[in-house]
Amino acid sequence: SGSAPDRSPAGDTTSPFDSQYVAGLDITDASIEYRDEQTGDHYRLSGFTLQTGALGAGGAVPVEVSMRLEDVSAGTGVALALSADAHFDASAASFSLADVDMRLDDSQVTGELTLASLDAGLPSLRFDFNVDQVDLDRYLAPAGDSEGEDEQAVLIPQDELAGLDI
């Protein structure tokens, strides 16, 4: 009665996911909407599509993601499409994206990203991205929407950023 005894050697550091295998994930045209009636905030994620290669087989996993993110109340939004090779190393507690090719509206972003020491309090972040062009004005609320409101400077939280390993 009960389950079989654990016969793994003492100090075994293999992950329970090392022996798991999923042929891939395929999510097509999903959407999520968030609305806060008290604050008037209204956000929408639409057209979310995620496709991956085999998971749990070790090595890199091809990933493709596309979506549209919108701040409906502000009238702004961004289209995102990304392809990359994802790799999770349980023994090193790290996650990386290699061969990143991302389109953010009219901007093309290429490069790589690594999160290391995931088992630590604050993981370290390393990235190397190249961006061909950026039009930040397109992400501002349309002109005239903030008339009569006091504009406040956005303060950068230097104390919180000081402890990050970037």
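Count residues from 1 along the sequence.
- Counting Ile, Leu, Val, Met, Phe, Trp and Tyr side chains that sit under 4.5 Å apart, directly or through other members, Tyr43 shares a hydrophobic cluster with Tyr34.
- Sparse packing is recorded around CD1 of Ile32, with 12 or fewer heavy atoms of other residues, nucleotides or ligands lying under 6.0 Å away.
- Separation of atoms CZ (Arg35) and CG (Asp41) is listed at 11.0 Å; rounding is to 0.5 Å.
- When all heavy atoms are compared, the tightest approach of Ala79 to Arg68 is N-NH1, 3.5 Å.
- The two residues Ser107 and Val131 have their closest heavy-atom pair at CB-CG1, 4.5 Å.
- Linking ILVMFWY side-chain heavy atoms closer than 4.5 Å, directly or via other members, places Val72 and Leu80 in two distinct hydrophobic clusters.
- For Asp106 against Asp132, the heavy-atom pair with the smallest separation is O-OD1, 4.3 Å.
- Of the residues listed (Asn130, Val100, Asp99), the one engaging Thr110 in a side-chain contact (heavy atoms from CB on, under 4.5 Å) is Asn130, and it is the only one.
- Listed here is the closest heavy atom pair of Leu97 and Ala84: CD2-CB, 4.1 Å.
- Counting only heavy atoms from C-beta outward, the side chains of Glu33 and His42 approach each other to under 4.5 Å.
- The number of heavy atoms from other shown groups lying within 6.0 Å of CD (Gln158) does not exceed 12.
- Scanning for ring-ring contact (aromatic ring centres under 6.0 Å, His included) contacts around Phe95 gives an empty result, with sequence neighbours left out.
- For the atom pair NE2 of His87 and OG of Ser94, the computed distance is 6.5 Å after rounding to the nearest 0.5 Å.
- Between Ala98 and Glu112 the shortest heavy-atom distance is CA-CB, 4.3 Å.
- The side-chain hydrogen bond (donor to acceptor under 3.5 Å, both in side chains) pairs that include a residue from residues 116-129 are Arg126-Asp165, where partners are two or more places apart or lie in different chains.
- In this structure the side chain of Asp71 reaches within 4.5 angstrom of the side chain of Ser73, judged on heavy atoms.
- Heavy atoms only, all atoms of each residue included: Ala60 and Asp85 are closest at CB-CB, 4.0 Å.
- Side-chain atoms of Leu55 and Leu25, non-hydrogen and from C-beta on, do get closer than 4.5 Å to each other.
- When only modelled atom types and interatomic distance are considered, Asp29 and Ser31 share no side-chain donor-acceptor pair under 3.5 Å.
- Side-chain contact between Leu118 and Phe88 is present, with heavy atoms from C-beta onward closer than 4.5 Å.
- With rounding to the nearest 0.5 Å, the separation of CD in Gln51 from OG in Ser66 is 8.0 Å.
- Counting non-hydrogen atoms of other residues, nucleotides and ligands closer than 6.0 Å to CZ of Phe129 gives a total above 12.
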